Every structure is written in C-alpha cells, then in structure tokens.
Amino acid sequence: MKGPLIMTPGPTYVDEEVRAALAKPITNPDIDSDFYEYYQNTCSKLQKLMNTENQVLILSGEGILGLEAACASLIEPGDKVLCIDNGIFGNGFGDFAKIYGAEVSYFKADYRKAINLQELEEFLENNHDFKVATLVHCETPSGITNPVDKLCLLLKKHRIITVVDSVSAIGGERLETDKWGMDIVLGGSQKCLSAPPGLTFLSISQAAWEVILNRKAPIASFYCNLANWKDWYEKQWFPYTQPISDIYGLRVAVERWLEENNPIDRHAKLANAVRESLVSGGLELYPLDGFSNTVTTINIPKGVSYQDIYDQMLKDHNIMITGAFGFLKDKVIRIGHMGENCHEEKLYLTLKALDLTLRSLGVELKGELDKLFISAIKG
Ligand SMILES: *Cc1c(COP(=O)(O)O)cnc(C)c1O
C-alpha cells in the first residue's frame with residue numbers, strides 16, 4: 001500500500017537512503033569503540049549544520065526531550081527564567097521551566113507576529129535579572145519565525161543564558177549558533193532533516209556547561225541530566241544504550257543535507273512561492289509578519305471546517321495536511337515545506353489538491369493555486 005504524501009510540519013517524508021540505513025545490521029553500541037567514533041562523527045556533522053564549535057549531543061527521545069533536558073539541567077529551584085512567548089510552543093516552554101522549580105516571567109507578544117527586538121530591548125532595560133531565557137526559533141503551529149539572531153545577541157548582552165527551540169527550523173532556516181551567541185540550541189530528527197521521529201540533538205555552549213556543572217541543587221532527573229554526558233567520549237561511556245539504528249538513519253539524513261548545495265535557499269524560495277500562490281488565490285495567511293520558510297499557516301475560509309478539508313485532501317488526493325492545536329484548533333490549516341517535503345513537485349501536487357478541495361467545498365478562489373505557485377517560482 002502506498003501511504004499518503006505527508007505534507008505536515010513534521011514528521012516529514014523519509015528518503016529511501018535513510019530508511020535503508022535504519023535497517024543496517026547493528027553492533028553493541030555500549031562496548032564497540034567504533035560506535036563511539038561513529039556517534040562522535042555524527043555530532044561533528046551536526047556541528048557543521050548548526051555552525052557551531054559547541055559540543056553537540058544526540059539524545060534518545062523526540063524533540064521535547066531536548067527541551068526538557070535543557071530546563072532540567074540548567075534550572076535550580078527559585079531561578080528566574082524569562083519565557084519569550086509569541087505562540088503555543090513559546091508559552092509551553094515556561095511550563096517545562098516550572099516543572100524544575102523556575103520562577104517564570106513571560107515576555108508576551110502578539111501571537112500573529114515575530115518577536116519585536118525593540119520591544120524586548122525596552123522590556124529588558126528594567127527587567128534583566130534572569131538566569132535563563134527560553135525562545136522558539138519557528139513557532140510551528142502559527143508558522144512564524146522569530147529573529148533569534150538578534151534576540152540571542154541582545155539577551156547575551158544581559159548575560160542571560162539562552163535556550164532556543166529550533167526543532168522546526170534547523171535545516172530550513174539560517175542558523176549561526178556561535179555567531180549569534182546561542183547557548184543551547186535544540187533540534188529534532190523528524191522535521192527539516194527528514195529522519196524518523198525519535199531523536200533530539202542539541203548544542204551546549206561553554207557558558208551553559210559551566211552553569212550545568214556548578215549548580216548547588218542536584219539535577220532532578222536521570223534521563224534529562226546533561227551532566228551525565230560530560231566526557232562521554234573520554235570515558236567511552238554512554239549514560240544509557242544508544243538507539244543505534246535511529247542514529248544510523250539520522251547520520252545519512254544529515255549527510256544528505258550537507259551534500260546539498262544550499263538547502264536553506266531552497267526552503268526560502270519555495271516557501272515564498274507557496275505564500276504568494278495562497279495569497280494571490282485569495283486566502284489569508286495567519287501570520288502578519290515573520291513568515292516561516294518551513295511551514296505555512298492559513299486561516300480556514302468561512303463556511304468550511306478543518307475536518308472537511310483534511311478528509312477530502314486525504315480521501316480524494318492521498319495528501320495529508322494538518323490543522324493546529326490549542327487556540328488555533330479548527331481555525332487554521334498548515335502545509336509543511338520542510339526537508340524532503342520542500343520540493344517543487346510535492347508542493348505543486350499539494351496546492352493543486354488544496355485548490356480542488358476548497359472549490360468542491362464551495363470556497364471561491366481568485367486563481368488556480370497550482371498555477372499561481374508555478375508562476376511565483378518563475379518570478
Ligand atoms: C515539533 C516540535 C517540537 C517537538 O514536539 P512534538 O509536538 O512532540 O513533535 C518541539 N518544538 C517545536 C517548535 C516543534 O515544532
């Protein structure tokens with residue numbers, strides 16, 4: 001059976017080469033020194049992808065694990081944490097910080113816009129007594145990319161440790177971890193890198209390591225304790241048995257990304273054409289600015305429901321798109337253009353199917369979405 005084309009903002013399509021790597025024979029990753037080298041080399045490739053010299057680790061668990069591990073390892077009870085919040089993931093980050101005892105303050109911004117640098121700057125003038133700040137690179141449910149380059153440099157000026165959830169941006173948006181002074185940056189396997197869900201990876205700066213290793217209160221977790229990973233290579237010891245097959249898959253996915261000539265440009269160009277076609281067709285984007293290059297969110301036209309669009313796209317066209325959750329439930333639909341899904345043919349098929357679906361549900365469009373897409377690409 002041929003499965004649907006999954007045009008969701010993660011998980012994304014997994015290429016045959018990656019799937020073949022998942023099926024490779026395994027060794028015992030706890031004791032085979034070759035595997036320690038392999039893990040280390042895979043982390044080096046991720047360093048290249050993230051533009052960092054900071055240590056990178058791959059953890060056995062989906063993206064949320066990275067987020068929780070950063071909070072568990074950095075935060076001590078009573079620590080002041082600034083949660084930069086312009087969406088569902090941004091806001092939720094504060095909840096993870098609270099689990100580990102943080103006293104959380106929110107910098108709450110417009111949920112339809114990217115974080116405004118100047119507004120944050122003004123806020124920080126009188127409130128900068130924070131140990132850690134949490135940020136989201138791409139707010140996946142709303143399709144908004146935040147200017148983490150400028151935001152992190154600003155927070156750094158106030159000596160605040162930054163933790164950036166870049167799960168849905170890494171590989172699809174520009175990322176200069178070191179140049180932008182980012183302390184912890186985390187990503188997941190199943191978004192723009194197009195490996196199966198199950199792994200998180202993160203980079204940890206020297207400043208973040210110092211906080212992690214010099215805390216007073218013990219870290220209230222084992223699985224989320226990054227300190228357990230210090231010197232894993234020198235000691236030839238992993239805190240737990242590594243998911244070797246998943247790492248084989250991720251490795252190939254990262255190599256595919258590194259071998260491509262400018263995947264970031266591909267995302268920018270196609271995302272732009274997707275947005276242009278939808279707007280020219282008379283649909284409304286949810287974001288007012290900060291348009292993401294990895295996911296596009298549109299308001300559901302009046303008179304139709306998310307469920308009808310989803311069902312018809314899947315039943316008649318074998319294409320899976322998604323809505324969102326929380327306050328955006330039943331209000332928007334989202335098209336993912338991440339990693340292996342960010343290709344002209346797949347987006348053409350998706351827009352053609354969406355065009356037919358919306359028309360059959362009674363929505364009047366100002367042009368054919370697929371044709372508008374092609375003319376937007378041609379410019
Ligand atoms: C996908 C994603 C995660 C991981 O969350 P899941 O809902 O478990 O997939 C974390 N942060 C962001 C911004 C994401 O897009």
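For clarity, every value in this text was computed on a predicted model and none was experimentally measured. Remember, it's 1-based here, ligands and their atoms both numbered in the order they're listed.
Under the ring pair (Phe, Tyr, Trp, His ring centres under 6.0 Å) rule, Tyr111 has a single partner from Phe89, Phe327, Tyr286, which is Phe327. In summary, of the residues considered (Arg215, Lys216, Lys98, Lys131), a salt bridge (charged side-chain N to carboxylate O under 4.0 Å, His left out) with Asp79 occurs for Lys131 alone.
Of the protein's non-hydrogen atoms, the one nearest atom 9 (O) of ligand 1 is Glu62 OE2, 2.8 Å. Regarding atom 7 (O) of ligand 1, its nearest protein heavy-atom neighbour is Phe89 CZ, 4.1 Å.
The aromatic rings of Tyr248 and Phe35 sit perpendicular to each other, their planes meeting at more than 60°, with 30° as the lower class boundary.
Residues Arg251 and Thr42 have side chains that bring a donor and an acceptor to within less than 3.5 angstrom of each other. No donor-acceptor contact under 3.5 angstrom links the side chains of Asn51 and Thr177, judged on distance only. Side-chain atoms of Thr297 and Ser142 include no donor-acceptor pair closer than 3.5 Å.
Close approach of ligand 1 to Asp165 (heavy-atom distance below 4.0 Å) involves ligand atoms 10 (C), 11 (N), 12 (C), 13 (C). Atoms of ligand 1 found under 4.0 Å from any heavy atom of Thr140 (numbered from 1 in listed order, with element): 12 (C), 13 (C), 14 (C), 15 (O). Set against the non-hydrogen atoms of Gln190, the atoms of ligand 1 under 4.0 Å away are 9 (O).
Using a 4.0 Å heavy-atom cutoff, Cys138 is listed among the residues neighbouring ligand 1.
If you look at Lys191 next to ligand 1, the close heavy atoms, those under 4.0 Å, all belong to the side chain.
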